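Just below is one structure, and these are the notes that go with it.
Please read all numbers here as calculations on a predicted model, not as lab measurements. The chains referred to below are lettered A, B, ... by the order of the sequence lines, with proteins before strands, and numbering in each begins at 1.
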Amino acid sequence: MSFLSQLNPQQREAVETTEGPLLILAGAGSGKTRVITYRIAHLIENLGVMPESILAMTFTNKAASEMVERVDKLVGGLSIAKPVISTFHSFCVRVLRRDIEALRIPSAVPGNPPIGLSKQFVIYDEADQQQLVKSVMRRLGIDDKQTTPRAVLAHISWAKNHMLDPQEFYLQSSDPKTEKVAQIYAEYKKELAKANALDFDDLLLEAVRLLKAVSEVRDYYNRRFHYVLVDEYQDTNRPQYELMRLLAGTRHNICAVGDEDQSIYSWRGADIRNILEFEADFPEAKIVRLEQNYRSTQNILQAASAVVANNLKRKGKNLWTSRQGGTKVGYYEAPDGENEALFAADYVSKYLRESIERGENARAAVLYRTNSQSRLFEEAMRRYQLKYHVVGGFSFYERAEIKDLISYLKVIHNVDDSIALLRVINTPVRGIGKATMEILEQIAFETGASLWSAIGEAIRRQLLPHRALGALKSFRDLIEDGRAMLAGNYVERLERTAQPTWGQPPSAVQRSEAPQTSDPADDQIAFDPAAFDFGTEDNAGEGARATPDDGEPFRTPGAPASTAEILKFLIDRTGYIKQLEAEDTPEAYSRVENLQELVNAAMDSRDRGETLDQFLDHAALVSDADAYDEHAQITLMTLHAAKGLEFPLVILAGLEEGLFPHSRTFLQPDDIEEERRLCYVGMTRAMDTLILSRAIYRRRYGTDLPEASVPSRFLEEIPPQLVEELGVPRRQAARTRVPAPQTQAHYSYEDEDQSASWTGQNRPPAKAYSGRTYNSIENIAEFFASRGKKFNVAKLPVEEPKGKRGFRPGQKVRHPKYGEGTVYQREGEGDEAKITVQFPRFGLKKLMEKYAQLERA
DNA sequence: CCCTGGTCCCAACTT
DNA sequence: GGGACCAGGG
């Protein structure tokens, strides 16, 4: 009971109103998360509600895990049962994995399998979706120059977010272009079904459809969950809204928390009406407003409020803070983007140093509108030797090598996943080229089956040249072996096929054991937590592997192999890592490291007792925002990713018309309002200091000449008395000529006398990035690798060439095209021999000795 | 059949 | 700044 005394009267009212619909309008920094977690704790501790009958839904995994942690602190140790705190998407995946087969309908043809997805469905990410749309468009003969797959996908997603199926979408389309999109949408949907796959939007849609269509399933959840909380309610879309209503059942114990001023996801289908019309949906609803801000100073709050006050579509509120005054909002006008970034680095480093000296919370964030802005800030931070953390951009699971291996797992998990299959069928190359693939696709199309079936068909009916068939067979064997490992009958398969293809056969005692059925206790009493394992762990029932057994592939013979074991098998058998190591470039080694990291992730997953499909779900559902590290001193991220966070210092960069607000939003007044809310979100992240900045000249694409920018309209919306201009007087900006592209020296502060400017004494070190001099070739390669660039370091000649006819390093040779050169290196033997030759005019060339018509010179 | 280099075209936010 | 695609050489 004691923790309730830590709340203000409004917060307390929100916490103690447990029955019936409740809308909590929580202004920025008003203690929203605190209210949600205390409310859960109150239900459990004071009212004796069973934890597992509480469901809280958030948007990001990060928000969910923070909530879990905080609830744990409040009621920790009280009970093993836990409330279910999950993202919408993860929740839906769990619901679907359990019961999606209830949506199946029997086939019209007796004996045929039922129509509809199986529990083994896979989740398609954006890249997968694009591939699929592209192939559909190709087949329909639609020119992808005029209508890009990207644009089509955006339309499809829009339709899904508004719960329109292809027919409905077609009926409402008014122009030929949209009609075409509807046609693609219909085909796309069929293809997904064929692949036993769902895209992100489907996860929500299908869960809603399931709950609507199957009353047993709905009843199950209604018996199970008595209290439902929804976080970030302003950002829910139509399917999420319906899901919430379905889960609320007849009890209507629904608690929605949100702030209409922070609605920033309308492009994802978020419907601000959900929050504005909550009372209409639930007439008996109670509304509590949290208007005391505990985060920001008065100056910051006033400035932010003044901006958002220009919006028409809002309920309006009066946020107040007891933190009177505070430093003014800073505004810095940089001559260009590079300077803006250097200013930020300079300011942050000074700020952090001073904070640390005063023993204060030393954390800062640079926020921007678009991910591509991060590059300049990263470079500036490195120049100042500051450690920073970037949220977003390229995520781990988007790396090519990671996607390759994940795709292998996907195919093993579900052979009909044609998109994954396409990705790996010739990766690493095994001689399955374009011609072969065209025939396979033809077969698949004609038989109406997946590519996998087409492979079987092609082999059975000998529809391809010998060599292609061989390659296909070896691919099929690889996948079948993986599947056998997964099913736990690898040994049987080995004995049956009598050709051990991989390493040494596991020293296993053969045991015929059916692949574990995932959930034998499907229909249990409503509140057995084990029956519905939403928790973070505790799947550790019957099927779980024993202790970790790194090193040896099989400790439990005959049992299904873990994801990690299958991964190791794949890496070994495909020679993926070996091939990378042979490349012998910094980039290749960093890929190897990534793969090792993937195996580690799989081991962690196994230790949590997860199965392959759970591992794949995780890989599909982790997001960039989840990579946020709260201990990092400096964080760079987009405004969207910053939602829900707070920092003592916030630098909000790129306040320019066209960038922020973004040019794509100019046409629609509603879109501009959303940009303004985004600005509000950004400004209210700041606790003590808020700096806004803008570049007078900005380069749009790497090489183009910089363009002059117009200050963002949001700047003018801030009352001038709250703002203080920082740094360089205007004359300096005027003096700045349009810089020639890529001339680093121009921006170094030593160039111009700016001792009186904002740079103060804290000059950037003269050395290049991270203070290292990159003078040797290895260093340069390392530098490029650290920036994700390709840079091949020629291997020093170490081996003695053995070939009798071969050319030796040092020899002079003549090439018909490149002229005379000197042999630098020789690799491989016989037909495989490659020699690297230094040509005076053309540089290093790696040539196949067999083909290149080299002569002695 | 694979690899490289050149060219074209794109570039908002994210579960 | 970079991904996708294509042509040409090995």
Side-chain angles (χ1 to χ4, degrees), chain A residues 57-64 86-93 123 125-127 130-131 134 144-145 148-151 154 157 161 199-204 232 235-237 239-240 264-270 367-376 391-392 394-395 400 426 428-436 467-468 471 617 620-626 637-643 654 658-665 671 674-675 677-678 681-682 699-704 741-742 787-790 792 815-818 831 834-835 845-854:
Chain A
M57 281 193 285
T58 64
F59 273 79
T60 60
N61 296 306
K62 177 192 75 195
S86 158
T87 65
F88 277 99
H89 286 82
S90 311
F91 179 83
C92 290
V93 170
I123 304 167
D125 67 15
E126 214 183 305
Q130 279 203 29
Q131 283 293 113
K134 219 184 234 175
D144 63 358
K145 295 263 156 38
T148 64
R150 235 180 106 79
S157 181
N161 285 326
D199 66 21
F200 279 128
D201 299 323
D202 286 337
L203 296 178
L204 302 172
E232 308 282 12
D235 284 327
T236 47
N237 61 19
Q240 285 163 331
I264 55 176
Y265 283 105
S266 71
W267 49 272
R268 209 169 67 192
L367 307 182
Y368 36 78
R369 179 66 234 269
T370 65
N371 268 313
S372 60
Q373 285 168 264
S374 75
R375 201 192 98 252
L376 289 173
V391 178
F394 287 105
S395 92
N426 202 31
V429 286
R430 51 173 73 84
I432 302 176
K434 213 169 131 193
T436 306
R467 214 169 53 180
D617 287 349
L621 294 173
V622 287
S623 77
D624 297 341
D626 303 326
M637 64 183 140
T638 63
L639 287 154
H640 282 89
K643 190 168 78 160
L659 185 57
F660 189 33
H662 197 272
S663 52
R664 292 221 181 168
T665 64
D671 289 348
E674 179 148 317
E675 293 286 297
R677 290 192 291 269
L678 195 53
V681 166
R699 229 178 276 142
R700 281 181 62 210
Y701 311 124
T703 49
D704 282 355
Q742 311 292 357
R787 302 186 58 198
K789 290 264 170 56
K790 254 191 247 170
N792 298 330
H815 185 267
K817 199 170 144 194
Y818 303 128
D831 282 357
K834 291 179 191 137
I835 43 182
K845 295 274 175 202
K846 202 172 207 175
L847 309 163
M848 296 282 285
E849 195 177 52
K850 193 173 128 195
Y851 294 115
Q853 295 136 356
L854 286 174

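- Nearest to the side chain of A/Arg467, among B/dC1, C/dA4, B/dA12, sits B/dC1.
- Across all strands, A/Thr370 comes closer than 4.0 Å only to sugar-phosphate atoms, never to a base (heavy-atom distances).
- Here the C1' atom of nucleotide B/dT15 and the CD atom of A/Gln240 are 8 Å apart, to the nearest Å.
- Distance CZ (A/Phe660) to C1' (B/dA11): 18 Å, rounded to an integer number of Å.
- Taking the side chain of A/Arg375 as heavy atoms from C-beta on, and the options B/dT15, B/dC1, C/dG1, the nearest nucleotide is C/dG1.
- Side-chain N/O atoms of A/Arg150 include none lying less than 4.0 angstrom from OP1 or OP2 on B/dC10.
- Rounded to whole Å, atom C1' of B/dT15 lies 10 Å from atom CD1 of A/Ile123.
- For A/Glu126 and B/dT14, the CD to C1' distance is 8 Å, given to the nearest whole Å.
- Between A/Arg664 and B/dA12 there is a side-chain N or O to OP1 or OP2 distance below 4.0 Å.
- For the OP1/OP2 pair of B/dC1 and a distance below 4.0 Å, the side-chain nitrogens and oxygens of A/Arg430 include no atom meeting the criterion.
- Look at CG on A/Asp199: it is 14 Å from C1' on B/dT14, rounded to the nearest Å.
- Using a 4.0 Å heavy-atom distance criterion, A/Phe59 is classed as a sugar-phosphate-only contact.
- Taking atom CD on A/Gln131 and atom C1' on C/dA4, their separation rounds to 11 Å, with Å as the unit.
- We find the CD1-CG distance between A/Ile123 and A/Asp202 to be 10.5 Å, quoted to the nearest 0.5 Å.
- Phosphate proximity of B/dT14 to A/Thr638: present, with a side-chain N or O under 4.0 Å from OP1 or OP2.
- Contact annotation: A/Asn426 side-chain N/O to B/dC1 OP1/OP2 distance is not under 4.0 Å.
- Taking side-chain N and O atoms only, A/Lys643 has no distance below 4.0 Å to OP1 or OP2 of B/dT15.
- In this structure, OH in A/Tyr368 is found 7.0 Å from OG1 in A/Thr638, a value given to the nearest 0.5 Å.
- Nucleic acid contact for A/Phe88: none, since no nucleic acid atom lies under 4.0 Å from a heavy atom of the residue.
- Rounded to an integer number of Å, the gap from CD of A/Gln373 to C1' of B/dC13 is 12 Å.
- The aromatic rings of A/Phe200 and A/His89 stand perpendicular to each other, their planes meeting at an angle above 60°, with 30° marking the opposite boundary.
- We find that CD of A/Glu232 is positioned 13 Å from C1' of B/dT15, with the value rounded to whole Å.
- The shortest non-hydrogen separation linking A/Asn426 to A/Gly431 is OD1-N, 3.2 Å.
- Side-chain nitrogen and oxygen atoms of A/Asn371 include none within less than 4.0 Å of the OP1 or OP2 phosphate oxygen of B/dA11.
- Closest non-hydrogen pair, A/Arg268 versus A/Asn161, comes out as O-ND2, 3.1 Å.
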